[in-house]
K.L.:
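Here it is: the structure, laid out below.
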Number of protein chains: 2
Amino acid sequence: MISFEEFVLEDDGPIYLQIIKYIKQGIAAGTIGNQEEVPSRRALSALLGVNPNTIQKAYHMLEEEGIIVSRSGAKSFTSVDDDAIARIRRELLVSDTTVWVKSMKLLGVNRDDAFELVRQIWNDMAGGEE
Amino acid sequence: MISFEEFVLEDDGPIYLQIIKYIKQGIAAGTIGNQEEVPSRRALSALLGVNPNTIQKAYHMLEEEGIIVSRSGAKSFTSVDDDAIARIRRELLVSDTTVWVKSMKLLGVNRDDAFELVRQIWNDMAGGEE
DNA sequence: CAAACTGTATTAATTATATAATACGGTTAA
DNA sequence: TTAACCGTATTATATAATTAATACAGTTTG
């Protein structure tokens with residue numbers, strides 16, 4: 001069963017996109033595996049304090065991407081083979097890093113200074129490898 | 001006069017936030033200086049193909065942050081002393097980098113691998129220092 | 001079987017974002 | 001001075017995102 005304990009709802013963008021990204025990141029990180037049970041629409045909506053329709057929208061889009069499989073009346077599960085995992089991982093790594101690099105260049109920061117900034121921030125943050 | 005030639009309207013988030021970020025990044029990068037003229041609401045809306053009210057919303061929020069000054073009937077100008085510039089620059093550097101580092105940690109990427117990924121992407125992108 | 005849970009669907013209302021069409025009065029420059 | 005700008009404000013409309021309240025049929029489990 002996918003855990004949403006580490007999920008934090010942000011004020012940033014649409015909730016359904018945050019949920020989609022969280023699941024994709026989990027798959028890419030390996031913390032969410034294949035044929036793993038997904039929380040029901042009602043259970044996750046109660047846990048996050050949002051509307052069931054919002055969860056349904058996120059799950060439906062994930063299903064259209066072939067990342068989860070739903071059967072009417074039954075529980076929903078992930079459906080990701082090794083190729084799909086690799087594709088999702090690469091997609092997230094490149095898109096997130098490209099956004100950050102673009103920002104650093106706009107701010108006129110060179111690569112070494114950007115690395116130094118990362119070193120300062122990396123250790124102060126929880127989680128991940130040290 | 002602030003130039004919007006390099007500005008590209010994305011489908012991502014609200015337009016007024018994109019405009020605010022573009023101006024803040026310009027100030028932080030030094031390409032937008034103090035007491036520099038800002039395009040009129042009507043002129044910028046025509047250039048970007050968006051509604052004048054959307055530009056007004058962005059400018060109004062920038063004025064509330066003390067970053068631009070408007071007088072009814074007259075042109076609007078930036079208002080950023082050295083302290084303000086340093087504050088905005090630090091704010092953008094830290095927030096953007098924190099978002100990226102958080103993403104790398106969620107994906108289970110260690111710092112050295114993250115740096116290697118940046119090296120691959122950095123040179124393939126245009127702009128900024130090499 | 002029956003109760004509890006599941007995915008799915010529908011309709012209505014709300015908020016944020018953006019557009020559209022104007023209007024008013026202040027500022028600037030020919 | 002006067003025409004062309006400027007910032008500002010108002011009202012209406014449209015779409016996207018979200019909430020809300022239900023409802024129905026399929027699946028699972030005791």
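Each chain gets a letter, A, B and so on, in the order its sequence line appears, and its residues count up from 1.
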K.L.:
Output the rounded distance in Å from CD (Q18(B)) to P (dA18(C)).
P.N.:
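From Q18(B) CD to dA18(C) P: 8 Å.
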
K.L.:
Rounded to the Å, how far apart are I55(B) CD1 and dA9(D) C1'?
P.N.:
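Atom CD1 in I55(B) sits about 17 Å away from atom C1' in dA9(D).
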
K.L.:
Indicate the atoms forming the closest heavy-atom contact of S103(B) with Q25(A), along with that distance.
P.N.:
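Where S103(B) meets Q25(A) most closely, the heavy atoms are OG-NE2, 3.4 Å.
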
K.L.:
dA17(D) phosphate, OP1 or OP2: any side-chain N/O from T54(A) under 4.0 angstrom?
P.N.:
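The answer is no; no side-chain N or O of T54(A) sits under 4.0 Å from OP1 or OP2.
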
K.L.:
Any ion pair linking K21(A) and D96(A) (charged N to carboxylate O, less than 4.0 Å)?
P.N.:
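Yes, charged N to carboxylate O under 4.0 Å.
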
K.L.:
I'd like to know if the side chain of R41(A) pairs up with that of S76(A) as donor and acceptor (distance under 3.5 Å, no hydrogens or angles considered).
P.N.:
yes

K.L.:
Looking at every non-hydrogen atom in both residues, tell me the closest pair between G33(A) and T78(A) and how far apart they are.
P.N.:
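Scanning both residues completely, I find the closest heavy atoms to be O-OG1, 2.7 Å.
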
K.L.:
For the aromatic rings, using the six-membered ring if either is Trp, is the centroid distance between Y59(A) and Y16(A) under 6.0 Å?
P.N.:
no

K.L.:
At under 4.0 Å between heavy atoms, how does the protein contact nucleotides 5-16 of chain C? Give one character per nucleotide, 5' to 3', with B, S or -.
P.N.:
-BBB-B------

K.L.:
Over how many whole Å does the gap from L44(B) atom CG to dG7(D) atom P extend?
P.N.:
10 Å

K.L.:
Starting from P on dA20(D), measure out to CD1 on I15(A) and report it in whole angstrom.
P.N.:
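Nearest whole value for this atom pair: 11 Å.
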
K.L.:
Please report the shortest heavy-atom distance between W122(A) and K105(B), naming the atom on each side.
P.N.:
O-NZ, 2.7 Å

K.L.:
Whole angstroms only, please: what is the CE-P distance between M1(B) and dC6(D)?
P.N.:
8 Å

K.L.:
Could you tell me whether the side chain of N51(A) has a donor or acceptor atom within less than 3.5 Å of a complementary atom in the base of dA20(D)?
P.N.:
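A donor-acceptor contact between them is present.
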
K.L.:
Starting at CZ of F77(A) and ending at P of dT28(D), how long is that distance when rounded to a whole Å?
P.N.:
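These atoms are roughly 9 Å apart.
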
